[in-house]
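Sending over a structure as structure tokens; questions will come in a sec.
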Amino acid sequence: MYEGKIIKFYREKFQMTQEQLGKGICSGTHISKIERLQTEYAPEIITLLAERLSINIDSEILKLKNIKKRLEQWQDVIIKELFEEMDLIHNELEQEDLIQISNYIHLYQLLRARYLLMHQAVDESYQIITDIQKNEQKLSSNESSLLKHVLGIYYLAKHENLKAIQVLKSIKETEYNNKEYYYHLAAAYHSLELPVMSYFYAEKALQFFKEHNNYLRAIDTEMLMLIQIKDDENFNETIKGFESLIQSCDLCSSPERKARVCHNLAYEYFRRKKYDLSSKYYLQSMTLKDSESSKYLLSLEGYIRSSFYGNLLSQNELLHLVKEGIEKAVHKNEILYIHLFNLQILLIENKEHEYHQYLKIEALPMFEQFGFMYLIQRSKRELFNYYSKMNLNNEALQLAQLLINV
């Protein structure tokens, strides 16, 4: 079964005709039948053909059989977000030519698209997705569900959250064994500021991660559930939940997740105007991140904002931090953070009119273009409050209608 496929693969790789390969061993017609699995053949013929191709047929058969197992291992570490292991397996599979003739070529391509998304290679991943969609009828039911899952993650990366929800909800639970997609549904609903639905799917994802002893992803999911709770009466319980997650991150030796937890805890303090604690946890999150990364800029923006509203730093200190942020954002061409830091300069320098003009004309259209729902809502509220303060009633009414209709 395997021998014919392997012989054909290496014959074509070495650009040999069937007659050239079979010369002195058997006819080209016989090789054609071997390759198409249409004839019986003596083991000695396969041995001689393999020698001419300079391959060890038994070794090649073993590699072909092990591809499925290795792909399953790759999918497992991708779900667990174990980056060192997933990079190792990726590099190994990249060198495995026999994947092209295996029965798992589509599974490999789908996992590679998922892998690329995790490494922010969004366009390259989408090219793979579109290529697979052209042959979707050839996919198994599990592969078809995986395609939808990967496409949903792609839409999340593009901030197209409604499309992400639509495609992820089209997955048939009975045909797909990776219930991780519940987490991505929860993330999409969270981005649309729909906390009830986000919590609902996060709870389902948490059950899946706990059943598979996936402690790191369980931390992610529990954090996602915590930030859906908006009831200030339970704030102390929410804080205890965040503190417990920080301890779990330490136990699991996961500074990256600890940085995320600290960042979200900082935001919970910020929205309750506890700016000293907000500033503390934004700073802690920053110390755990690569200072050249986008994630660092996100926490830096929060740290500056909380320090400003809490009067925790001088104007010069704040402007120095903003300058650092702008330099890093420009260097990385991070348009979002360029806008956010430009807004902060105007805020710190108390240029109220210029701030709201920039917010309306420059920043808000960009937030809407890329679907940053939280920033869109925050910007509209800020503009509404400003227009109301300045007695610009028509503008305030327009913003009020937009806020109500979201």
Solution key, residues 274-284 side-chain donor-acceptor pairs under 3.5 Å, sequence neighbours excluded:
residue : atom : partner : partner atom : Å
S278    : OG   : A266    : O            : 3.0
S279    : OG   : S307    : OG           : 3.3

Would you mind checking if R257 and E81 are paired as a salt bridge, meaning a charged N to carboxylate O distance below 4.0 Å?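 Yes, charged N to carboxylate O under 4.0 Å.
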E60/K63 salt bridge by N-O under 4.0 Å criterion: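 Between E60 and K63 there is a salt bridge, with a charged N closer than 4.0 Å to a carboxylate O.
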Could you label the plane-to-plane angle of the Y386 and H356 rings as parallel, tilted or perpendicular, counting under 30° as parallel and over 60° as perpendicular?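 Answer is parallel, since the angle falls under 30°.
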With no hydrogens and no angle check, is any side-chain donor or acceptor of N56 less than 3.5 Å from a backbone partner on S59?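 Answer holds: yes.
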State, without any angle test, whether D76 and H212 hold a side-chain donor-acceptor pair at a distance under 3.5 Å.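 No, no side-chain donor-acceptor pair sits under 3.5 Å.
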Assess whether atom NE2 of H320 is packed by more than 12 heavy atoms of other residues, nucleotides or ligands within 6.0 Å.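 12 or below, so no.
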Quick check on E94: does its CD atom have over 12 non-hydrogen neighbours (other residues, nucleotides or ligands) under 6.0 Å away?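 Counting neighbours around CD of E94, more than 12 heavy atoms of other residues, nucleotides or ligands fall under 6.0 Å, so yes.
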One thing to verify: whether K179 and E211 come together as a salt bridge, which I'm taking to mean a side-chain N less than 4.0 angstrom from a carboxylate O.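 Salt bridge between E211 and K179, a charged N being under 4.0 Å from a carboxylate O: no.
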Does D290 pair with K295 as a salt bridge, N-O distance under 4.0 Å?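 Salt bridge: no.
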F83/Y115 aromatic ring centres below 6.0 Å: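 So the answer is no for these two rings.
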Mind checking side-chain hydrogen bond (donor to acceptor under 3.5 Å, both in side chains) for K169 and listing every partner two or more places apart, or none if nothing turns up?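 Not a single residue meets the side-chain hydrogen bond (donor to acceptor under 3.5 Å, both in side chains) criterion with K169.
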Between Y358 and H339, does the ring centroid distance fall short of 6.0 Å?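 Between Y358 and H339, the centre distance is under 6.0 Å.
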For a side chain to side chain donor-acceptor pair (under 3.5 Å) check, start with the C-alpha distance between Q127 and D131, then their side-chain angles and the critical distance, and finish with the verdict. CA-CA 6 Å; Q127 183 59 58; D131 288 343; 3.1 Å; yes
Taking the six-membered ring for Trp, are Y374 and Y267 closer than 6.0 Å centroid to centroid?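 Yes, ring centres under 6.0 Å apart.
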Would one find more than 12 heavy atoms of other residues, nucleotides or ligands at under 6.0 Å from atom NZ of K148?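 Enclosed: over 12 neighbouring heavy atoms sit under 6.0 Å from NZ of K148.
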Is any NZ, NE, NH1 or NH2 atom of the basic residue among E35 and R11 found under 4.0 Å from an Asp or Glu carboxylate oxygen of the other?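 R11 and E35: salt-bridged.
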Working note: E72 + Y104, criterion side chain to side chain donor-acceptor pair (under 3.5 Å); need CA distance, chi angles, decisive distance, verdict. CA-CA 10 Å; E72 289 172 346; Y104 309 104; over 6 Å; no
side-chain hydrogen bond (donor to acceptor under 3.5 Å, both in side chains) with Y154: which residues, sequence neighbours excluded?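 Here no residue qualifies.
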Has the side chain of R217 got a donor or acceptor atom that lies under 3.5 Å from a matching backbone atom of I79?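 Such a contact is found between R217 side chain and I79 backbone.
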Presence of salt bridge, K240 and E237, under 4.0 angstrom: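 A salt bridge is present here (some side-chain N lies under 4.0 Å from a carboxylate O).
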Sub-3.5 Å donor-acceptor pair from the side chain of E96 to the main-chain atoms of L98, do we have one?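 Looks like yes, one N/O pair under 3.5 Å.
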Counting only heavy atoms not in E40 (residues, nucleotides, ligands), do more than 12 fall under 6.0 Å from its CD?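 No - once you tally the heavy atoms of other residues, nucleotides and ligands closer than 6.0 Å, there are 12 at most.
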Give a yes or no on whether Y215 atom OH has more than 12 heavy-atom contacts from other residues, nucleotides or ligands under 6.0 Å away.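 No, because the 6.0 Å sphere around OH of Y215 holds 12 heavy atoms or fewer from other groups.
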Using 4.0 Å as the upper bound for N to carboxylate O, is an ion pair formed by K80 and E180?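 Salt bridge flag = no for K80 with E180.
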